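A quick write-up on the structure given underneath.
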Amino acid sequence: MLARLRNAARLPLLAALMVTSAAIAPAMAQEKLVVFGPSSWDTFAPGSPEDVVKSTTEAFDAKFKAAHPEVGEIVHDSRGTIADGLARLRNAQLAGDQVDVIVCAANPVNTSYARLGLISPVDDIVGAMADTFTEGSTANFTVGGKVWGVPVSAVNVTTFFYNKDLFDQAGIAVPKTYEEFKAAGPKLAALGVIPVIHQGKNAWMWPLYYMSSLAETTDNKQLAFVQDLLQGKAKFTDPVSVEALKLSRAWVDDGLLDPQSNELDEDAMKAVFYSGKAAAYFGGSWDVPGVASNAGFKWGVFKFPKYESQPGNPVAFGGAESGLCISSSSKNPDLAKAYVTFAAQDANAKILLDPLKPIATSHKGVAGSDDPISKDLQGYLPADKFLDWVWPRELTETIQREVQSMMGGTETPEQAAANMQAKFDAMVAAGYVYGK
Amino acid sequence: MNTSATPYALLVPGMALLFVFMLLPIGYGLWLSVHDFDGLHVGAFAGLAHYREVLSDPSFLQALGHTVIFAIIVVIGKNVVGLALASLVSLPLRGSRAVRTILFLPVTLNIIVIGAFWTFFLSARRFGGLFNEILFSLGLGSLEASWLATPGVALVTVALVEVWRWSGLHMLIFLAGMQTIDPSLYDAARLDGANAWARFRNVTLPQLKPILFVSTLLALMGAFVRSFDVVWVLTRAGFGTDVVVTHLYNEAFQFGRFDRAAAMGYILFAIIAVISFVYVAASKGGRANV
C-alpha cells in the first residue's frame with residue numbers, strides 16, 4: 001500500500017520532469033557559432049559606419065538562423081588594427097577560444113594564415129559553387145594549389161581620394177600625370193592646404209607608393225620582377241627598383257606629400273582630410289563608404305598618376321580581397337562550413353555587399369554599383385595583385401619600415417634598397433626558399 | 001596536526017600557485033627555446049641553435065642597443081625626477097598634498113589614453129600639436145620636430161614619456177623613505193650650519209640609499225621588460241624604437257617563430273640577471289655603511 005502510494009507520488013514528479021526537459025532541451029541543444037574578425041576591418045560591410053555594419057550583420061545572421069534553427073547564437077568579434085590581426089587570431093586560437101568562421105582578408109591568407117595552419121582548406125565549398133565567382137576571385141585565396149577562403153567581397157582598388165572643392169578653389173584639374181600633379185602642388189599649398197597626406201604611422205600603407213611606382217619602372221612587369229627577386233634572379237638594388245624608390249621619395253621632395261605624414265595613423269590622417277586641411281590622400285576604394293559619410297565637401301577619386309619618364313602605365317592594385325575562412329581550431333567545422341556556404345550564395349552575398357556600393361564584386365550574380373564614383377573606379381579594372389601578397393611576411397615588414405624611413409627623410413632610396421636586399425639575403429641564408 | 005609541519009602546510013597553496021604560474025612556465029619556456037616551435041607544434045630538439053641565430057641577428061642586436069639606451073634614460077630619469085619631486089612635495093607648503101595627487105595621476109592613467117594624449121601633443125603644428133606650437137610661439141621654431149617619427153629622437157621621446165608616466169610612483173617611494181628619516185639628523189645639520197643643499201646631500205641622500213637601491217632596481221627591470229606598451233602605443237616600434245620586447249613580440253606573433261622569441265626572452269632574462277647581480281653586489285658595501 002505504502003509502495004503504491006510512493007509510486008503514485010512519483011508520477012506527477014516524473015511528468016513535471018519530462019515537461020521541463022522538453023521545454024529546456026531545444027534551448028540546450030542550440031549551437032553557438034563564433035565569427036572572428038582579426039581586425040576591426042574584418043567585418044561584414046567593412047569600412048561602413050558602425051550602424052550599417054551592425055544592421056548588415058544582424059540581417060544576415062537572422063536569415064541564417066531562420067535557415068538553421070539549430071543555431072541559437074552567433075557571436076561576432078572583430079577588433080584591433082590590421083597590423084595586430086595575425087597576433088590576435090593566433091592568441092585566440094592558442095588560448096582555446098571558440099573561433100569557427102574567420103572574416104579573412106586575402107593578404108594574410110596568402111602570407112600567413114594558410115602557411116601557419118590557422119585555417120582549413122575550402123576547396124569543396126568553392127568547387128561546388130565554381131560558377132558563382134568572378135574570374136580571379138578564388139585565385140586571390142589560393143595558396144599552394146588549395147583554396148583557403150571563400151570570396152565574399154567587394155572588388156577594391158587603390159586610388160587617390162581628393163577634395164573637389166579645394167581642387168576647384170585652386171583651379172586645378174584631376175592630374176593624369178605626376179608632372180601635372182607636381183605643378184598643381186604649389187597652387188594647393190598657396191591655399192594653405194597640404195596637397196597630399198598619408199597615414200604614415202601605419203607602416204603597411206607605405207609600400208603602396210613603391211608598388212605603384214615599380215609598376216611603371218618595370219613596364220608593368222612588377223609581379224614578374226618580384227618573383228624573380230624572390231628566386232634570386234633580381235635584386236632590390238636593381239635600377240628599376242631603386243628608381244621606383246626615388247620616384248616615391250620625390251612625392252615628398254617635390255612638395256606634394258607632407259613630410260610629417262609619419263606622425264599620422266589612419267584616423268588622424270582622415271581627420272586632416274575631412275577637416276579640409278589636406279587636398280588628397282592615397283588609399284583604396286575600401287574607404288569609399290567612410291568618405292561618403294564623413295566628408296563634408298564634394299570629393300572624387302583618381303588613379304595613381306603616370307610618370308612621364310617611365311615606360312609603364314599606372315595600375316591600381318586590388319581585387320576581391322575579403323572572404324570567409326574556416327578556423328582550423330573550430331570544434332564545429334560543419335556548422336562553420338554551412339555558414340560560409342550560406343554567405344557565398346548570391347542572394348545572401350548581396351545582403352553583405354550592397355551596403356558597400358562596390359565597384360564590382362566577387363560574385364557574378366551580384367552586380368557592382370552604378371553611382372558616379374563606382375563608375376570612375378570601374379575604369380581602373382582589371383586590378384593588379386598587391387605585391388605584399390607575394391613578399392614573405394618578414395620581408396614585407398622590412399620593406400614597410402624602409403619605405404617609411406625613406407619617406408620620412410632619414411634614409412636615401414639607395415640605402416632603403418640596400419637594407420631590403422640585405423634582409424632578403426639574410427632570409428635566404430637562414431633557409432628561405434621561394435614557394436616553400 | 002604536527003605543529004612543526006603546520007608552517008610548511010600553510011606554504012603549500014602559495015608554493016603550488018608559484019609552481020604552476022611561475023616556475024612551470026619558466027621551465028617550459030626554456031624547453032621551448034631549445035626546440036623548434038611555431039606556436040602550435042613542437043618540433044625537433046634544436047639545442048642552442050635559436051640562441052646562436054638570435055645573437056647573430058643584426059636586427060635583434062639593434063633592438064638590444066635601443067633597450068639599453070631606453071633603460072639608461074628611464075632608470076636615471078625616474079630616479080632623478082622622482083627624488084626631485086619627493087623633495088619638493090615634502091616641503092611644508094600649502095597644497096603639497098594636492099600636488100602629490102596630481103603628480104601621481106599619470107601612474108593611474110590607461111596606456112591607450114597616454115598614447116593618444118602624447119601622440120597628439122607632440123604632433124606637428126599643422127596637425128594641432130601643442131608642444132611644437134609652444135616652441136614656435138616662444139621663438140624656438142628651429143627646435144620643432146617630429147618627436148615620435150624621427151629615428152634617434154623618437155626613442156628618447158618615448159623614454160621621456162615613460163619617465164613622466166612612472167615618476168609619480170618613484171616620488172611616493174622616495175617620500176615614504178624620507179618620512180622615516182630621523183628629524184634630529186636635520187636639526188643637528190642645521191646646528192652645524194648646513195644649508196638646504198648640504199642637508200639634502202649629507203642627510204637625505206645617505207639615509208635614502210636603501211630606498212634608492214629598491215627604486216633603481218624597480219626602474220631597471222621595468223625598463224628592460226615592461227617597455228612594450230609605451231613603445232607600441234606611441235610608435236608601434238617604428239622609427240628606431242624597436243626594443244627587445246617589441247622585437248620578441250613580432251618574432252612570435254607576426255612571424256610565428258616562437259622558438260626564437262623564447263630564446264630572446266631568456267637572453268633578456270640573463271642580461272637583467274647579470275646587471276641586477278652586479279648592481280646588488282656593488283650596492284652591498286654602500287648599504288652596509290648606512
Side-chain angles (χ1 to χ4, degrees), chain A residues 81 83-91 93-94 108 111-112 115-118 192-194 197 200-204 206 258-265 267-269 271-272 275 277-278 328-329 392-398 400-401 404-405 407-411 419 422-423 426 429-431, chain B residues 36-41 49-50 52-54 56-60 62 115-116 118-129 131-132 144-154 157 232-242 246-247 249-258 260-261:
Chain A
T81 61
D84 290 337
L86 173 62
R88 212 173 88 79
L89 174 59
R90 285 189 76 113
N91 289 349
Q93 290 189 334
L94 285 171
T111 59
S112 315
R115 183 175 58 83
L116 295 171
L118 308 183
V193 298
I194 301 161
I197 196 77
K201 196 170 180 180
N202 288 334
W204 66 272
W206 274 124
D258 190 282
Q260 284 175 307
S261 289
N262 274 338
E263 294 185 8
L264 304 174
D265 60 15
D267 290 339
M269 178 204 70
V272 172
S275 66
K277 287 181 184 169
S328 58
S329 67
R393 191 175 177 90
E394 196 179 344
L395 183 62
T396 301
E397 174 90 5
T398 298
Q400 290 169 353
R401 293 284 181 216
Q404 186 183 48
S405 296
M407 299 300 260
T410 53
E411 265 184 15
N419 290 343
K423 178 68 185 181
Chain B
D36 292 330
F37 179 51
D38 64 1
L40 293 172
H41 314 102
H50 300 307
R52 278 196 294 271
E53 284 170 22
V54 167
S56 59
D57 178 357
S59 60
F60 173 76
Q62 194 179 40
W118 282 103
T119 301
F120 183 67
F121 183 71
L122 295 170
S123 62
R125 269 191 305 132
R126 59 187 170 287
F127 304 147
F131 185 64
N132 282 318
E144 280 184 59
S146 287
W147 300 101
L148 290 170
T150 308
V153 176
T157 309
W232 204 252
V233 298
L234 291 174
T235 62
R236 298 193 68 85
F239 315 110
T241 63
D242 190 24
T246 52
H247 196 77
Y249 168 83
N250 277 329
E251 198 72 24
F253 295 104
Q254 299 293 332
F255 310 141
R257 292 191 299 233
F258 285 76
R260 281 180 60 157

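Predicted model only: the values in this text are computed from it and were never measured. We use all heavy atoms of the structure for the numbers below, so side chains are in, but hydrogens, waters and symmetry mates are not. First the proteins, then the strands, lettered A, B, ... as listed; each starts at 1.
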Choice from A:Thr410, A:Leu94, A:Leu264, A:Val272 maximising heavy atom contacts with chain B below 4.5 Å
A:Leu264

Which distance, rounded to the nearest 0.5 Å, do you find between the OG of B:Ser59 and the CG of A:Asn419?
11.5 Å

Can you tell me which of B:Ala252, B:Gly238, B:Ala154 forms the most heavy-atom pairs within a distance under 4.5 Å of chain A?
B:Gly238

Side chain from CB out, backbone as N, CA, C, O: work out which of these in A:Gln404 comes under 4.5 Å of a heavy atom of chain B, or both, or neither.
side chain

Hey, which of B:Ala124, B:Pro58, B:Ala149 has the most heavy atom pairs under 4.5 Å with chain A?
B:Ala124

Side-chain donor-acceptor contact under 3.5 Å, B:Ser146 with A:Gln260:
yes

Distance-only, no hydrogens or angles: does the B:Thr235 side chain make a donor-acceptor pair with backbone N or O of B:Thr241 under 3.5 Å?
no

Okay, B:Asp57 and chain A: the region with an atom under 4.5 Å from a heavy atom over there is neither

When the 4.5 angstrom heavy-atom criterion is applied to A:Gln93 and chain B, the contacting part is neither

When the 4.5 angstrom heavy-atom criterion is applied to A:Ile194 and chain B, the contacting part is side chain

By a 4.5 Å heavy-atom criterion (distance strictly below it), what part of A:Ser275 contacts chain B: side chain, backbone, both, or neither?
neither

Is it the side chain or the backbone of B:Ala145 that comes within 4.5 Å of chain A heavy atoms, both, or neither?
backbone

Whatever's closer than 4.5 Å to a heavy atom in chain A on B:Phe120 counts as neither

Under a 4.5 Å heavy-atom cutoff, which of A:Leu116, A:Leu89, A:Leu118, A:Asp84 has the most pairs with chain B?
A:Asp84

Looking at B:Arg126 and A:Asp258, does any basic side-chain N land under 4.0 Å from a carboxylate oxygen?
yes

Indicate yes or no for a side-chain donor-acceptor contact from B:Trp232 to the backbone of B:Ala237 under 3.5 Å, with no hydrogens or angles considered.
no

Engaged part of A:Arg90 at the chain B interface, taking heavy atoms whose separation is under 4.5 Å
side chain

Distance col, row B:Trp147:CH2 vs B:Leu234:CG, nearest 0.5 angstrom, shows 14.5 Å

Nearest-0.5 Å distance that lies between atom CH2 in B:Trp118 and atom CZ in B:Phe131:
8.0 Å

Hey, what do you get for OG1 (B:Thr150) to CZ (B:Phe239), rounding to the nearest 0.5 Å?
8.0 Å

So, does B:Arg236 use its side chain to make a donor-acceptor pair with the main chain of A:Lys201 at under 3.5 Å?
no

Interchain contact, B:Thr119 with chain A, by part (heavy-atom threshold 4.5 Å):
side chain

